[in-house]
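Since this is a predicted model, take the numbers as computed values, not measurements. When a residue number appears, it is its place in the shown sequence, counting from 1.
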Amino acid sequence: MAASIALDATDLRILDQLQRDASLTNQALAAAVHTSPATCLRRVKRLVDTGVIERQVALLSPAKLGAGLTSIVEVTLDRQGAEHLAAFEARAVADEAVRQCYRVSPGPDFLLVLQVADMPAYHALVQRLFTQDANVRNVKAFFSVSRAKFEPGLALPATATT
C-alpha cells in the first residue's frame, strides 16, 4: 500500500476546488483557496508529482453522447488462478464500454461498470467479453434506471494530516 502524503489545510482546499472544477485557471484557483498564484502553482505541481492528483478529466454526459445505458455487472470466473484473473482483467479494461473494472472479494471475481448506447450494444459486449471467454462461469447484470448521485471525487478529511 502506498504511503500517504502530509496535506495541510491549503492542500485540502486546492484539492476540493479541483475536484469541483479542474478547469479553473491558476489565478482563479489561487483566489478561491486564498493563496498567491505562485504558491498555488507550486502546490498543485507537488500534488501532481506525488501522485495525489492522478489526472484531470472532463466529465461528459452519457445521454447526450449516445451512451445512455449503464450496467453494473458481476463476473465470476471458472478458474481463479492469477493468470486467469489477469487475462480476463486485461480483456475487460481494453474494451471501451468498460468504464470501471474492480477485482472484488468475496463473491464474484470482478465488478464492471459498463456504459453503452442501448441493449443491442450491451448484447454485442456480452458476446465479445463474456460469451467468447470459456473461463467466464457466471454473469449477473444490473441496469441503471436512474442515477440519484454521481460524485467521482473523494471525500476529503476535515483536517489536514501531519
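In this structure, T76 and P108 approach most closely via the heavy-atom pair OG1-CA, 3.5 Å. Between A6 and D11, the shortest heavy-atom contact is O-OD2, 4.1 Å. Shortest non-hydrogen contact noted between T25 and A28 is OG1-N, 3.0 Å. Between P157 and L12, the shortest heavy-atom contact is O-CD1, 3.6 Å. Residues V52 and I5 share a closest heavy-atom pair of CG2-CG2, 3.2 Å. Across A22 and Q56, no two heavy atoms sit closer than the pair O-OE1, 3.6 Å.
Rounding to the nearest 0.5 Å gives a distance of 14.0 Å between CZ of R99 and CD1 of I72. The line from CG of D49 to CZ of R42 is 13.0 Å long, rounded to the nearest 0.5 Å. Atom CD of Q115 sits about 8.5 Å away from atom OG of S144, to the nearest 0.5 Å. Here the CG atom belonging to L47 is positioned 6.5 Å from the CG atom belonging to L7, to the nearest 0.5 angstrom.
Between F88 and F110, the ring center distance clears the sub-6.0 Å criterion.
Between M119 and L69 there is a side-chain heavy-atom pair separated by less than 4.5 Å. Using a 4.5 Å heavy-atom threshold, the side chains of P152 and L59 count as touching. No side-chain heavy atom of V73 sits less than 4.5 Å from a side-chain heavy atom of F142. Looking at heavy atoms from C-beta onward, N138 lies out of side-chain contact with V75 at the 4.5 angstrom threshold. For the pair Q17/L24, a side-chain contact is recorded, criterion being any heavy-atom separation below 4.5 Å from C-beta on. V93 has its side chain out of reach of V98: every pair of non-hydrogen atoms, C-beta onward, lies at least 4.5 Å apart.
Y102 and V139 end up in different hydrophobic clusters when Ile, Leu, Val, Met, Phe, Trp and Tyr side chains are linked at under 4.5 Å.
For Q127, the CD atom is densely surrounded, since the number of other residues' heavy atoms within 6.0 Å is greater than 12.
Side-chain atoms of D95 never come within 3.5 Å of backbone atoms of A92 as a donor-acceptor pair (strictly under, hydrogens ignored). Looking only at distances, a side-chain donor or acceptor of T50 sits under 3.5 Å from a matching main-chain atom of R46.
Evaluated for a side-chain contact (heavy atoms from CB on, under 4.5 Å) with C101, the options L114, L112, L111 yield exactly one hit, L112.
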For this session: Applying side chain to side chain contact (heavy atoms under 4.5 Å, CB included), run through L156 and Q19 and close with a yes or a no.
Result: CA-CA 10 Å; L156 296 171; Q19 282 193 133; 4.0 Å; yes
Problem set entry | From CA spacing to verdict: side chain to side chain contact (heavy atoms under 4.5 Å, CB included), L129, V136 | CA-CA 9 Å; L129 196 58; V136 173; over 6 Å; no
Problem set entry | Full working for side chain to side chain contact (heavy atoms under 4.5 Å, CB included) between R137 and L77 | CA-CA 5 Å; R137 178 178 28 173; L77 301 181; over 6 Å; no
For this session: Dump the intermediate steps for side chain to side chain contact (heavy atoms under 4.5 Å, CB included) on R43 and D8, then the final yes or no.
Result: CA-CA 11 Å; R43 284 176 177 259; D8 65 14; 2.8 Å; yes
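Sorted by first and then second residue, the pairs that involve residues 80-92 and meet side chain to side chain donor-acceptor pair (under 3.5 Å), not counting sequence neighbours, are Q80-D109, E89-R103, R91-D133.
For D16, the salt bridge (Lys or Arg N to Asp or Glu O under 4.0 Å) test picks out R20, with sequence neighbours left out. Every ring pair (Phe, Tyr, Trp, His ring centres under 6.0 Å) that Y122 has, sequence neighbours left out, goes to F143.
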